[in-house]
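Below is one structure, written out as structure tokens; comments come after it.
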Amino acid sequence: MKRFFFIVLLSLAASFRLSAAEGDSLRILWIGNSYTYFHDLPQIVKDIASSQRMRLSTTTVLKGGEQLSGHLKNPRLVSLLKSGGWDYVVVQEQSTLPSLATEDVIKTTYPYAHAIDSMAKAGSPGVRVIYYMTWGHKYGTIYKTDYEPAHHYTTMQERLKTSYLEMAYKNQSWCAPVGMAWKKVRDEHPEIQLYEDDCTHPSIMGSYLAANVIFTTIFQRPYQTGVKCGIADDKAELLQQTAQHTVLENLHLINIR
């Protein structure tokens, strides 16, 4: 039944084009660190959009290892948020912080996510803020912490999932469930290498999966794209489909209503 529904949506999508296809570009501001700039994730999303005859304009505020609290000290980001004109703001926290104990996430992440969210909405009424749920490190966090669940992939991923969903819920925003799609690929297709050799950063296949999740989160419809980033056809198709199903089958969970 789900497959039939998905095929029907795909058929409808063939004749459906958002206003961005004919009008002005949609403006996206990306805030994050290396999980966003590895393999130029914003450009992959832009390329996928172009393949669907949609135009995106992207601006990035990215710094390796940066936390949201650090980003808020960047006058360029503050100016960009206040100047407004954004259609979407994609927010990505440092890779381990949201996987720590709840009381720590309340101190280190939630207030800064809320501050960015509030500034984005004040400067751009109608903007959609999207929290980019990241993935657990391959064998658990590579950073030193006394919080045992962060030292195992499965429990690290569950904590990341909960924290990112809570950021979306608390701020009446959306969540791009990259980490959920990542876990599905790991569980069902372990032959696909989503990580670089450091066991934390995304390989090109990991970034491709993330790009398709974020694109689907923004546009909420099935699609086919020839953008494959040098990935073999069968693997690219699998990653595309996993990304789309993860988003479209969990719209309420990720706070898209």
Side-chain angles (χ1 to χ4, degrees), residues 18-20 26-33 35-36 41-42 45 49 54 56-61 66-72 74 77-95 97-100 102-135 157-181 210-221 243-244 246-257:
L18 298 181
S19 59
L26 292 174
R27 298 185 67 220
I28 304 179
L29 174 63
W30 297 77
I31 304 168
N33 49 59
Y35 276 30
T36 299
L41 173 62
V45 173
M54 300 172 185
L56 301 184
S57 171
T58 60
T59 299
T60 61
V61 179
E66 187 63 282
Q67 303 173 15
L68 297 184
S69 58
H71 278 304
L72 278 167
N74 182 344
L77 173 61
V78 173
S79 176
L80 286 169
L81 291 170
K82 288 184 175 179
S83 65
W86 305 108
D87 295 294
Y88 298 92
V89 175
V90 181
V91 180
Q92 180 239 318
E93 176 61 289
Q94 189 267 355
S95 65
L97 284 185
S99 72
L100 300 180
T102 301
E103 59 266 29
D104 292 327
V105 181
I106 289 172
K107 293 175 184 176
T108 63
T109 297
Y110 290 165
Y112 306 105
H114 178 68
I116 289 172
D117 197 292
S118 297
M119 291 172 67
K121 289 170 181 172
S124 304
V127 70
R128 287 294 184 181
V129 177
I130 299 174
Y131 291 96
Y132 164 10
M133 179 199 296
T134 56
W135 51 87
Q157 183 58 63
E158 273 304 303
R159 287 294 301 129
L160 289 167
K161 176 181 174 181
T162 298
S163 295
Y164 273 97
L165 289 173
E166 287 190 349
M167 281 185 259
Y169 297 157
K170 289 176 181 292
N171 294 293
Q172 291 78 55
S173 296
W174 295 351
C175 180
V178 176
M180 291 168 57
N212 279 276
V213 169
I214 293 170
F215 179 82
T216 309
T217 301
I218 292 172
F219 295 106
Q220 298 155 42
R221 63 178 183 79
Q244 292 176 49
T246 301
V247 173
L248 297 176
E249 293 173 7
N250 291 283
L251 290 176
H252 282 189
L253 179 67
I254 61 178
N255 212 34
I256 299 176
R257 301 175 187 274

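Contact annotation: the side chain of Gln67 never approaches that of Tyr112 to less than 4.5 Å [non-hydrogen atoms, C-beta and beyond]. Looking only at side-chain heavy atoms (C-beta outward), Met133 and Met180 come within less than 4.5 Å of each other. Here the side chains of Gln220 and Ile256 are in contact, with some heavy-atom distance below 4.5 Å. At least one side-chain heavy atom of Glu93 sits less than 4.5 Å from a side-chain heavy atom of Tyr164. Using a 4.5 Å heavy-atom cutoff, the side chains of Ile116 and Leu68 are in contact. The closest side-chain heavy-atom distance from Ser69 to Thr108 is not below 4.5 Å. Under the 4.5 Å side-chain criterion, counting only non-hydrogen atoms from C-beta, Leu72 is in contact with Met119. Considering only heavy atoms from C-beta on, Val91 stays 4.5 Å or farther from Asp117 through its side chain.
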What do the steps show when you test Ile254 against Val247 for side chain to side chain contact (heavy atoms under 4.5 Å, CB included), and what is the final call?
-> CA-CA 8 Å; Ile254 61 178; Val247 173; 3.9 Å; yes
Go through the steps for Val105 and Thr162 under the test side chain to side chain contact (heavy atoms under 4.5 Å, CB included), then give the verdict.
-> CA-CA 11 Å; Val105 181; Thr162 298; over 6 Å; no
Give the C-alpha distance, both sets of side-chain angles, the deciding distance and a yes or no for side chain to side chain contact (heavy atoms under 4.5 Å, CB included) between Leu29 and Leu77.
-> CA-CA 9 Å; Leu29 174 63; Leu77 173 61; 4.1 Å; yes
Side chain to side chain contact (heavy atoms under 4.5 Å, CB included) assessment of Leu248 paired with Arg221 = CA-CA 7 Å; Leu248 297 176; Arg221 63 178 183 79; 5.7 Å; no
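The two atoms that bring Thr217 and Cys175 nearest to each other are CG2-O, 3.9 Å, heavy atoms only. Here the closest non-hydrogen pair linking Pro42 and Thr36 is CD-O, 3.4 Å. Tyr131 and Met167 make their closest contact through CE1-O, 3.6 Å (heavy atoms, listed as atom of the first residue, atom of the second, distance). The nearest pair of heavy atoms linking Ser173 to Asn255 is O-ND2, 2.9 Å. In this structure, Leu253 and Leu165 approach most closely via the heavy-atom pair O-CD2, 3.4 Å. For the residue pair Ala120 and Val129, the shortest heavy atom distance occurs at CB-CG2, 4.0 Å.
Side-chain atoms of Arg27 do not come within 3.5 Å of backbone N or O of Ser57 as any donor-acceptor pair. Judged by distance alone, with hydrogens and angles left aside, the side-chain atoms of His71 form a donor-acceptor pair with the main-chain N or O of Gly32 at under 3.5 Å. In this structure, the side chain of Lys170 does not engage the main chain of Tyr110 through any donor-acceptor pair within 3.5 Å. At distances below 3.5 Å, not a single donor-acceptor pair connects side-chain atoms of Trp86 with backbone N or O atoms of Gly123.
A distance of 6.0 Å or more separates the ring centres of Tyr132 and Trp30.
No hydrogens or angles considered: a donor-acceptor pair under 3.5 Å links the side chains of Asn33 and Gln92.
Atom-to-atom distance recorded for Leu100:CG and Leu160:CG is 9.0 Å, nearest 0.5 angstrom. For the atom pair OH (Tyr88) and CG (Leu56), the distance works out to 9.0 Å, reported to the nearest 0.5 Å. Taking CD1 from Ile31 and CG from Leu81, the interatomic distance works out to 5.0 Å, rounded to the nearest 0.5 Å.
The aromatic rings of Trp135 and Tyr35 lie parallel to each other, with less than 30° between the two planes, well short of the 60° mark.
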